[in-house]
Colleague: 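Handing you a structure now.
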Protein chains: 2
Amino acid sequence: MRVTIKDIAKEAGVSITTVSRVINNKTEGVGEETRERILKIIDEKGYTPNYIARGLVLKKTQVVGVIIPDIMNPFFPEIIRGVEDTAAKHGYNIILCNTDSKWDKEKEYIKLLIDKYVDGIIYTGSMQSDRENIEELMDSSIPFVFLDRFVHVDGASYVCDDGVAGMYEMVSYLIEEGHRNIAYISGARESSTARDRLEGYKKALIDHGIPFNPELVVHGDYKMSSGKLGMGELLKLPYQFTAVACANDLMAVGALDTLHEKGIEVPKEISITGYDDIYLAGMTYPKLTTMAQAKYSLGVQAMKLLVELMDGKSTGAEEIVLRPRLVVRDSVERRRI
Amino acid sequence: MRVTIKDIAKEAGVSITTVSRVINNKTEGVGEETRERILKIIDEKGYTPNYIARGLVLKKTQVVGVIIPDIMNPFFPEIIRGVEDTAAKHGYNIILCNTDSKWDKEKEYIKLLIDKYVDGIIYTGSMQSDRENIEELMDSSIPFVFLDRFVHVDGASYVCDDGVAGMYEMVSYLIEEGHRNIAYISGARESSTARDRLEGYKKALIDHGIPFNPELVVHGDYKMSSGKLGMGELLKLPYQFTAVACANDLMAVGALDTLHEKGIEVPKEISITGYDDIYLAGMTYPKLTTMAQAKYSLGVQAMKLLVELMDGKSTGAEEIVLRPRLVVRDSVERRRI
DNA sequence: CTGTTAGCGCCTTCAG
DNA sequence: CTGAAGGCGCTAACAG
C-alpha cells in the first residue's frame, strides 16, 4: 500500500493538517522542529502526495490535453516536443490526442479531457472545427489556446506561423535568383495555412511586377502523393516554368519524385522549394531549399501562453505569430535573366 | 459550475446512490421507470461523471503513461499512434513522456506517473535503464510493459522487433542478389537492438559461407550524421565491397549523402540498405530498400498487452516479438557473380 | 428496488 | 503553533 499523509501524521505524532502544511510549504503555522521531523519522516518513507486526491479538492490536476490531427504527420513531433518540454518545466504532464482532423473525434476528446479535469487544452483543430466544439471549450471555462490555426474567436488565444510572409519570402527569393515563371503546388482550399501561403505567393509575384497566372497553380492536400500528382499536372501545361514552389515539404518531395522519374534534373532544369523544413528536407536529393517553421518554438509558445492563462496571469486573446526562416539548400539554381 | 451526481439526484428526487447505479449500468437495483427518468435528466443537463472523484475511490484513472526517448525520433510517432489508438479504443488516455534516454528523467517521470495514479505504463527505456528505475516500477505494482527493448526481468512483459532475424533476412537478400563483400554500419555497442542486428548480419554471412571480416563494420549511433561519417570511414578501407548494410534508415540516408558527395552512384557502384522503414525511406533518392519494422503494430501490441495486465487477465511475463518485413525499393542492384 | 453511511487522500476554514 | 471537522464527487457495502 502507498504511504499517505495519514501514515506520516501518525508516525510523527501530529495531525494530518500539520503534515499538509509542511507539504505545501505553508511557511507559517508549523514549528521549526516539527517541520524538520516531518520532513525527515516524509523522506524516509518516500512519501509523495497523491495528485488525484489533491486534484479533487483543488480542481487542479497538473495535466493538460493536447489535441492534434496526427502525430505521424512529420510536422507535429517537434511541436509536441516543445509543448512537452515546456509543460514539464512548469510541472504539467500532457495527454496526447490524435483526431485525424475528424470533427467528432475532436468533440469526443474535448469532452473527455474536460471530464478528466485537465487544467488546460492546446488545440490544433480541423479547418472547419465546428463552432460547436469551440463553444464547448469556451463554455467549459478551461483555458485553451489554438495552435497552428488562425481562428478568430473572441477571447481566444492562438499561436501560429506567418504563412503569408513566409511564402512571400520564399517566392521573392526565387525571383531574386532570376526565376520569372514560377508554378505553385498549393494545399487544400479549406486549409487556412494553405490559403495564407497561396496569398504570399501571389503577393510576391505581383510586388515584383510578375503577373499572377492562376493556371500555374494546382491544388494538393499537403501529402507527398498529391505533390507527385501535382507536378505531373504542371508538366502537362502549355506553359514554361523554371521553378515550382510547393506549399509544404512533403509535396515538394513528391514533386521531386515525379521529376526524377521523368529524368528532369533538379535544380538544373527546374528548381523546387518546400515549406516547413521537416527534418527530411535535409535528406532528399537534392536537399530542399525551404522555409523553416519554428516548430519547436511553436509548441513552446503555445504552452507558455497556456500556463499564463492557467495561472490567471493572462486573460486570453493573445496572438503570437512566428516568422519562418529561409533555409537555402540545393534545390534552387540561379538563372541568368 | 459543473453538474454533479448530486444535482441529478436532487432533480430526480432520488439518492445519489441510485444515480450512481444507473451511471454504472448496474443492471439490478433500479426500477425501469426511475432509470429512464434519471437518464433523461442526465441527458438534459449534460452530466458526465468526474473521473477524478471516481479515480479517487476506484484507484483507476483510465490513463496510462508512455515513456519514450524522443518523439522527434522518426521511429516513434507511428508507435505512439498505435498505442494511442488502442488506448482510446479501450477507454484510456495516454500521457506522453520524453526522456532523451536520460536515466534521471526516466526516474522522475516514473515517480510522477505513479503519483498521478496512472493505471499502467509503457516503457521504452534507455539501454542501461538502471535496475533502480525498473525496481521502482515493479514495486509500484502498476502494470507495465517494455517496448522495443529486450529486457529480462522476471515477470515483466515486453514487445519488440526481431532484429536478429530481420538483419539476417536483409543481408541474405543482398547475398542472393550476388553481393559477396558487404560492409556494415552498426548502431551503438550498448544498444540491444544494435547488437541484435549486428548478430543477424554476421549470421547471414557465415550461413552463406562468407567469412566475417570485423574490419568491414563501423559503429555509429543511429543518427544520420554517424551514417555519413561511417560511410566515409568505410571508403578509406583497403577493402572492396559492393554493398553496405546499415543498422537503420537514418544512417543509410547519411551514407547515401556521402556517396552522392563523392559522386559514387547508388546502387550502380554501391548498394545500400536500411532498417526500420521510417517514412522517409520511400522519399530518398534512390528509394531505400529496407526492413520494415511493424511500428504501428508494435504500439498496438504493447497497449493490448498492457490492457490485459490492467484487467488482470494476464499475469505478466508475456513476450511478443514481431518479425520485420523486407521492402525492396531501388537502392540495391543485382550483381553478376 | 432504494437510501444511509462510510470512506478514497487531501486541503481548508475555524477553533483552541 | 496545532488540531478537529467538513467536504471535493463518487462508489460500495449494508440496511431497509
Side-chain angles (χ1 to χ4, degrees), chain A residues 1-39 41-42 45-63 112 114-119 140-141, chain B residues 1-39 41-42 45-63 91 112 114-119 140-142:
Chain A
M1 216 44 216
R2 234 126 47 168
V3 297
T4 73
I5 197 174
K6 215 189 268 176
D7 301 320
I8 306 296
K10 198 192 298 174
E11 181 85 9
V14 297
S15 75
I16 60 172
T17 310
T18 307
V19 178
S20 174
R21 284 197 181 100
V22 350
I23 292 168
N24 296 293
N25 290 313
K26 306 276 187 207
T27 34
E28 300 178 11
V30 185
E32 195 49 39
E33 303 169 39
T34 333
R35 153 168 275 116
E36 292 199 348
R37 184 156 41 91
I38 292 175
L39 245 21
I41 296 176
I42 285 178
K45 298 220 161 196
Y47 166 79
T48 44
N50 175 329
Y51 278 81
I52 303 296
R54 188 179 263 177
L56 186 57
V57 16
L58 259 28
K59 268 108 183 59
K60 247 300 204 163
T61 51
Q62 299 301 122
V63 174
L112 207 57
I114 293 175
D115 288 342
K116 287 202 171 160
Y117 261 90
V118 295
D119 298 334
S140 74
S141 80
Chain B
M1 217 44 216
R2 232 123 56 163
V3 295
T4 73
I5 197 172
K6 215 190 268 177
D7 301 319
I8 305 296
K10 197 192 298 174
E11 181 86 9
V14 298
S15 76
I16 61 173
T17 311
T18 306
V19 178
S20 173
R21 285 196 180 101
V22 349
I23 293 169
N24 296 292
N25 290 312
K26 304 276 186 207
T27 35
E28 300 179 11
V30 184
E32 195 50 38
E33 304 168 39
T34 332
R35 152 168 276 115
E36 294 197 346
R37 182 156 42 89
I38 293 174
L39 246 20
I41 296 175
I42 285 178
K45 298 220 162 197
Y47 165 80
T48 44
N50 176 330
Y51 277 81
I52 302 296
R54 188 180 262 176
L56 187 56
V57 16
L58 258 27
K59 269 110 183 57
K60 238 330 201 141
T61 51
Q62 299 301 120
V63 174
L112 207 57
I114 292 175
D115 288 341
K116 287 203 172 161
Y117 261 102
V118 296
D119 298 334
S140 74
S141 79
I142 289 186

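Letters go in sequence order (proteins before strands), and every chain restarts at 1.
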Colleague: Check whether any side-chain nitrogen or oxygen of K59(A) sits under 4.0 Å from OP1 or OP2 of dG9(D), and answer yes or no.
Modeller: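 For dG9(D), OP1/OP2 do have a side-chain N/O of K59(A) under 4.0 Å.
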
Colleague: Taking CG from L56(B) and C1' from dG7(C), how many angstroms apart are they, rounded to a whole number?
Modeller: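 Computing the L56(B):CG to dG7(C):C1' distance gives 9 Å.
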
Colleague: Tell me which nucleotide among dC11(C), dA12(D), dC8(C) gets nearest to the side chain of L58(A).
Modeller: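 Given the options dC11(C), dA12(D), dC8(C), the side chain of L58(A) is closest to dC11(C).
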
Colleague: If only atom types and distance count, is the side chain of K116(B) paired as donor or acceptor with the main-chain N or O of Q62(A) below 3.5 Å?
Modeller: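 Checking the backbone N and O of Q62(A) against the side chain of K116(B), a donor-acceptor pair under 3.5 Å is found.
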
Colleague: Can you list the residues that meet the side-chain contact (heavy atoms from CB on, under 4.5 Å) rule with A12(B), with sequence neighbours excluded?
Modeller: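 Residues passing side-chain contact (heavy atoms from CB on, under 4.5 Å) with A12(B): V14(B), R37(B), I38(B), I41(B).
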
Colleague: Of all residues at least two apart in sequence or in a different chain, which pass the side-chain contact (heavy atoms from CB on, under 4.5 Å) check with D7(A)?
Modeller: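 Testing D7(A) for side-chain contact (heavy atoms from CB on, under 4.5 Å), a comparison that skips the adjacent residues, returns V3(A), T4(A).
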
Colleague: Rounded to whole Å, please give me the gap between NZ in K116(A) and P in dC10(D).
Modeller: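 Going from NZ in K116(A) over to P in dC10(D) covers 15 Å.
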
Colleague: Would you kindly give the CG-to-C1' distance between D115(B) and dC10(C), to the nearest whole Å?
Modeller: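 Taking CG of D115(B) and C1' of dC10(C), I get 13 Å after rounding.
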
Colleague: Rounded to whole angstroms, how far apart are CD on E33(A) and C1' on dT2(D)?
Modeller: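 Distance, rounded to whole Å: 14 Å.
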
Colleague: Can you name the nearest heavy-atom pair linking Y117(A) to N50(B), along with the distance?
Modeller: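 Looks like CE1-ND2, 2.6 Å.
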
Colleague: Can you name the nearest heavy-atom pair linking R35(A) to R21(A), along with the distance?
Modeller: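 That would be NH2-O, 4.3 Å.
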
Colleague: Atom NZ of K10(B) and atom P of dT2(C): how far apart are they, to the nearest Å?
Modeller: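 The distance from NZ of K10(B) to P of dT2(C) comes to 20 Å, rounded to the nearest Å.
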
Colleague: Within this structure, what is the CG-to-P distance between N24(B) and dG9(D), rounded to whole angstrom?
Modeller: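 So the two atoms are 17 Å apart, to the nearest Å.
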
Colleague: Tell me, please, which residues at least two apart from I5(B) pass side-chain contact (heavy atoms from CB on, under 4.5 Å).
Modeller: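 Result, side-chain contact (heavy atoms from CB on, under 4.5 Å) vs I5(B): I16(B), V19(B), S20(B), I23(B), Y47(B).
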
Colleague: Quick check for you: among dC10(C), dG9(D), dT2(D), whose closest atom lies nearest to any side-chain atom of T34(A)?
Modeller: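 Shortest atom-to-atom distance from the side chain points to dT2(D).
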
Colleague: Hey, what are the protein-to-nucleotides 3-7 of chain D N/O distances that come in under 3.5 Å?
Modeller:
{"from": "dG3(D)", "atom 1": "OP2", "to": "S15(A)", "atom 2": "N", "distance (Å)": "3.0"}
{"from": "dG3(D)", "atom 1": "OP2", "to": "S15(A)", "atom 2": "OG", "distance (Å)": "3.3"}
{"from": "dG3(D)", "atom 1": "OP2", "to": "T18(A)", "atom 2": "OG1", "distance (Å)": "2.7"}
{"from": "dG3(D)", "atom 1": "O6", "to": "R21(A)", "atom 2": "NH2", "distance (Å)": "2.4"}
{"from": "dA4(D)", "atom 1": "N7", "to": "T17(A)", "atom 2": "OG1", "distance (Å)": "3.4"}
{"from": "dA4(D)", "atom 1": "N6", "to": "T17(A)", "atom 2": "OG1", "distance (Å)": "3.0"}

Colleague: Does anything in residues 46-54 of chain A come within less than 4.0 Å of DNA chain C? Heavy atoms only, and list the residues if so.
Modeller: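 Per residue number, the list reads Y47(A), P49(A), N50(A), A53(A), R54(A).
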
Colleague: Applying side chain to side chain donor-acceptor pair (under 3.5 Å), can you list everything that pairs with D115(B), at least two apart in sequence or on another chain?
Modeller: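 For D115(B) the side chain to side chain donor-acceptor pair (under 3.5 Å) partners, ignoring immediate neighbours, are T48(A).
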
Colleague: Rounded to whole Å, please give me the gap between CZ in R37(A) and P in dC1(D).
Modeller: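 Rounded to whole Å, this separation is 15 Å.
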
Colleague: Is there a side-chain contact between V63(A) and V63(B) in this structure, where contact means two heavy atoms from C-beta onward sitting under 4.5 Å apart?
Modeller: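 No. Closest side-chain heavy atoms not under 4.5 Å.
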
Colleague: Rounded to the nearest Å, what distance is computed from the CD1 atom of residue I8(B) to the C1' atom of nucleotide dT11(D)?
Modeller: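 For the pair I8(B) CD1 and dT11(D) C1', the rounded distance is 17 Å.
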
Colleague: Is there a side-chain contact between R54(B) and N24(B) in this structure, where contact means two heavy atoms from C-beta onward sitting under 4.5 Å apart?
Modeller: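 In short, these two side chains touch, coming nearer than 4.5 Å.
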
